[in-house]
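Notes for the one structure printed next.
These values consider heavy atoms only, across backbone and side chains, with no hydrogens, waters or symmetry-generated copies. Reminder, nothing fancy here: chain letters follow the sequence lines and each chain counts from 1.
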2 protein chains.
Amino acid sequence: MGDTDLIEAFGACAAVTDMLSRVGDKWSMQVVMKLGEQPRRFNELRRAVDGISQRMLTRTLRNLERDGLISRTVTPTVPPRVDYALTGMGHSLAEPVRRLSHWVLENRMEIEAARAEYDRQDAD
Amino acid sequence: MGDTDLIEAFGACAAVTDMLSRVGDKWSMQVVMKLGEQPRRFNELRRAVDGISQRMLTRTLRNLERDGLISRTVTPTVPPRVDYALTGMGHSLAEPVRRLSHWVLENRMEIEAARAEYDRQDAD
DNA sequence: CAGAATCCAAGAGGATACTG
DNA sequence: CAGTATCCTCTTGGATTCTG
């Protein structure tokens, strides 16, 4: 393995870790999933994603837009109208995320059982 | 949709978000991937996962163990020997995570391009 | 060898108030 | 409506020191 390959591998690993942290942040995937159903406006999205603060919705949308996962369309009327939608890449990300979510749903009972057992042992 | 279904749906969504945050934390998936290759001892793992601190390796391993994703086997010799390995559930998680990683590798150029474009626009 | 304990810096994220 | 700005708290994670 040459230096170029090493650099490639390192960059790739960093890229994976980087994107996993986006997938793992508190709101990004919930927003992506909601936009996967249909495009939505800002406050529409805010009501759809339960519990998200306005500040975090703004920040989450900016990050997703920066990564090219969603598009932001401004209609300069009064009051302003802003529509958000998944891009092609955003849609393609939703697929592996759905698989992961599916894994969680299939295994959540076992996970909860493992936690309960661990905490029980810990209590001794 | 009855109350039970609502609670179910809410619990499921919370479980997904919860596990995504584990997948998205800085070290968990790197540790899982290394243990996917072969079981390892503590310091072996520490050398294998580049850049991880001893504190974070300990915490990461505890979390993964608590979730039932890895097993921890202590051999009470002097000095002590502790072996970590993926459980069956740990191995099954590695699969959807690999798919997600694959997606990242396929799309990382486009993501980087989107970021560069976004930052360029932002500079104006 | 495999950690536990402590301290510290940076960032995530919520609440509130204000704006074009 | 769709944000921005500010303040504050809690969590994440690194560095360092100590132990059975």
Side-chain angles (χ1 to χ4, degrees), chain A residues 13-14 17-32 34-35 38-67 70-85 118 121-122 124, chain B residues 13-14 17-32 34-35 38-67 70-85 118 121-122 124:
Chain A
C13 180
T17 299
D18 182 60
M19 187 54 57
L20 286 186
S21 79
R22 167 125 6 280
V23 168
D25 82 7
K26 195 169 179 182
W27 302 110
S28 287
M29 290 307 107
Q30 293 187 60
V31 168
V32 166
K34 287 298 177 185
L35 288 180
Q38 57 178 291
R40 288 180 203 264
R41 298 176 62 178
F42 186 87
N43 279 330
E44 223 177 330
L45 206 43
R46 189 177 174 182
R47 284 184 293 271
V49 180
D50 195 66
I52 195 170
S53 67
Q54 188 242 29
R55 173 184 142 85
M56 285 316 296
L57 180 55
T58 301
R59 290 190 43 165
T60 300
L61 289 169
R62 288 294 171 279
N63 284 332
L64 294 172
E65 187 196 357
R66 179 168 183 268
D67 288 347
I70 65 174
S71 64
R72 177 173 180 269
T73 311
V74 181
T75 312
T77 52
V78 194
R81 175 193 178 98
V82 182
D83 292 273
Y84 292 94
Y118 185 95
Q121 297 275 346
D122 207 50
D124 302 343
Chain B
C13 180
T17 299
D18 182 60
M19 186 55 57
L20 286 186
S21 78
R22 167 126 3 278
V23 168
D25 81 8
K26 195 170 180 182
W27 303 109
S28 288
M29 290 308 106
Q30 293 187 61
V31 168
V32 166
K34 286 298 177 185
L35 288 180
Q38 56 176 292
R40 287 179 203 264
R41 297 175 62 176
F42 187 86
N43 279 329
E44 221 178 333
L45 206 42
R46 189 177 174 182
R47 284 185 293 271
V49 180
D50 195 68
I52 195 169
S53 66
Q54 184 241 33
R55 172 185 144 85
M56 287 315 295
L57 180 54
T58 301
R59 291 188 44 164
T60 301
L61 289 169
R62 290 293 171 280
N63 285 332
L64 294 172
E65 187 195 356
R66 179 168 183 268
D67 287 347
I70 66 174
S71 64
R72 177 172 180 272
T73 310
V74 181
T75 310
T77 52
V78 193
R81 175 192 178 97
V82 182
D83 291 274
Y84 292 94
Y118 185 94
Q121 296 275 343
D122 207 51
D124 301 345

Could you list the residues that satisfy salt bridge (Lys or Arg N to Asp or Glu O under 4.0 Å) with A/Arg81, not counting sequence neighbours?
A/Asp83
Taking only distance into account, with no hydrogens and no angle test, what donor-acceptor pairs under 3.5 Å do side-chain atoms of residues 39-47 of chain A form with protein atoms, sequence neighbours excluded?
{"from": "A/Arg40", "atom 1": "NH2", "to": "A/Glu37", "atom 2": "OE1", "distance (Å)": "2.9"}
{"from": "A/Glu44", "atom 1": "OE1", "to": "A/Arg41", "atom 2": "N", "distance (Å)": "2.9"}

Stepwise side-chain contact (heavy atoms from CB on, under 4.5 Å) check, A/Val23 with B/Val23:
CA-CA 8 Å; A/Val23 168; B/Val23 168; 5.5 Å; no
B/Asp50 CG to D/dG14 C1': how many Å, rounded?
15 Å
How many whole angstroms separate atom CZ of B/Arg40 from atom C1' of C/dC1?
17 Å
Whole angstroms only, please: what is the CZ-C1' distance between B/Arg22 and D/dT12?
13 Å
Whole-Å distance between D/dA2 C1' and A/Leu61 CG?
11 Å
For B/Glu65 and C/dA2, what is the distance between atoms CD and P respectively, to the nearest whole Å?
15 Å
Could you state the atom-to-atom distance from CZ of A/Arg41 to P of D/dC1 in whole Å?
7 Å
If you round to the nearest 0.5 Å, how far is CE of A/Met29 from OG of B/Ser21?
13.0 Å
Rounded interatomic separation in angstrom, taking CZ from B/Arg72 and P from C/dC1:
16 Å
Atom OH in B/Tyr84, atom CG in B/Leu61: separation rounded to 0.5 Å?
5.0 Å
Does the protein touch nucleotides 11-20 of chain C at the base, only the backbone, or not at all? Give it as B, S and - per nucleotide, heavy atoms under 4.0 Å.
-SBBB----B
